[in-house]
Amino acid sequence: MTDGADTAAPDCRTVLERLHAHYGPLHWWPAETAFEVMVGAVLTQNTAWSNVERALAALREADALTPAGMAALEPEELAERIRPSGYYNVKAGRLRHLLAFLERTGGIEALSALETGALREALLEVKGIGPETADDIVLYAFHRPVFVVDAYTRRLFERLGRPHARDGYETLRASVEAELGADTVAFNELHALIVEHGKQRCRPRPLCDGCPLGDRCYGVVTG
DNA sequence: ATCCAGTTGA
DNA sequence: TCAACCGGAT
């Protein structure tokens with residue numbers, strides 16, 4: 001951490017440019033299909049991605065990375081396959097809710113016809129899909145312009161002294177979307193870069209040496 | 001505020 | 001060895 005930023009909190013474009021210059025383009029989401037994005041979004045809830053990859057590999061082995069393939073698994077086997085991603089009983093139930101939702105609504109093709117707002121609201125009806133998971137899906141599976149807020153975003157924005165960092169999910173999301181405009185590509189990269197930055201440097205115990213935002217940062221906020 | 005849980009790297 | 005992990009439901 002630094003001794004404190006000597007200017008106002010950086011805007012989202014600046015954060016995006018700095019992180020991009022440092023980490024390079026990340027081209028998210030690492031998945032082959034929209035369904036895979038959905039499954040990964042559920043499995044990565046409060047869970048390291050490396051553990052999610054093991055679960056996804058186990059599902060792929062069982063040809064369960066399609067709605068029909070996953071629906072063919074017994075609930076016990078589904079839970080067992082995703083075990084490495086943690087919370088496996090809870091998440092198995094959430095994936096089954098997701099499958100039921102896709103069947104009820106006519107699948108991914110049908111959902112693609114919905115307006116972005118309606119698509120988001122529909123996803124939020126699913127048990128186990130909260131704001132972040134819904135927005136992961138809307139942005140990375142359907143390529144719609146919504147910004148995904150997560151714990152890394154809050155932590156970084158707080159340390160940068162940005163407004164709304166401690167506000168509710170919708171407030172923070174709306175503030176970023178208003179700042180950047182409806183820019184799917186920018187939302188995609190900014191969220192991905194914030195996650196990468198959060199993993200590599202901007203941790204709970206930050207590793208500030210060589211941070212690309214070091215000169216604009218107040219460091220760990222205690223209050 | 002608590003529970004859900006296996007895995008890993010500082 | 002243990003905090004932390006791309007949260008959400010109750």
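Just so we're on the same page: letters track the sequence lines, and every chain starts at 1.
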Practice task
Take nucleotides 3-10 of chain C nucleotide by nucleotide from the 5' end and write B, S or -, depending on whether a protein heavy atom sits under 4.0 Å from the base, only from the sugar-phosphate, or from neither.
Solution key: -SBBBBS-
Handout entry: Nearest-angstrom distance, P atom, B:dA5 to C:dC2
Key = 22 Å
Exercise for the section: May I ask you to decide whether A:R120 forms a salt bridge with A:E170, counting only side-chain N to carboxylate O separations under 4.0 Å? Expected result: yes
Practice task
Please state how far atom CD in A:E53 lies from atom P in B:dT8, giving the value in whole angstrom units.
Solution key: 11 Å
Exercise for the section: Salt-bridge test for A:R18 and A:D215: reply yes if a basic N is under 4.0 Å from a carboxylate O, no otherwise. Expected result: yes
Exercise for the section: Look at atom CD of A:E179 and say whether more than 12 heavy atoms of other residues, nucleotides or ligands are closer to it than 6.0 Å. Expected result: yes
Handout entry: Of all pairs that satisfy ring-ring contact (aromatic ring centres under 6.0 Å, His included), the ones with a partner from residues 28-78 of chain A, not counting sequence neighbours
Key = A:W28-A:Y140, A:W28-A:H191, A:W29-A:W49, A:W29-A:Y140
Exercise for the section: Tell me which of A:K91 and A:R54 sits closer to the 5' end of DNA chain B, going by the nucleotide each one is nearest to. Expected result: A:K91
Handout entry: Cation-aromatic face contact A:R83/A:Y88, 6.0 Å, 45 degrees
Key = yes
Exercise for the section: Using atom CZ of A:R201 as one end and atom P of B:dG9 as the other, report the distance to the nearest whole Å. Expected result: 18 Å
Exercise for the section: Check the pair A:E177 / A:R173 against salt bridge (Lys or Arg N to Asp or Glu O under 4.0 Å), numbers first and verdict last. Expected result: CA-CA 6 Å; A:E177 292 182 1; A:R173 179 173 75 88; 3.0 Å; yes
Practice task
In whole angstrom, give me the gap between the P atoms of C:dC6 and B:dT2.
Solution key: 24 Å
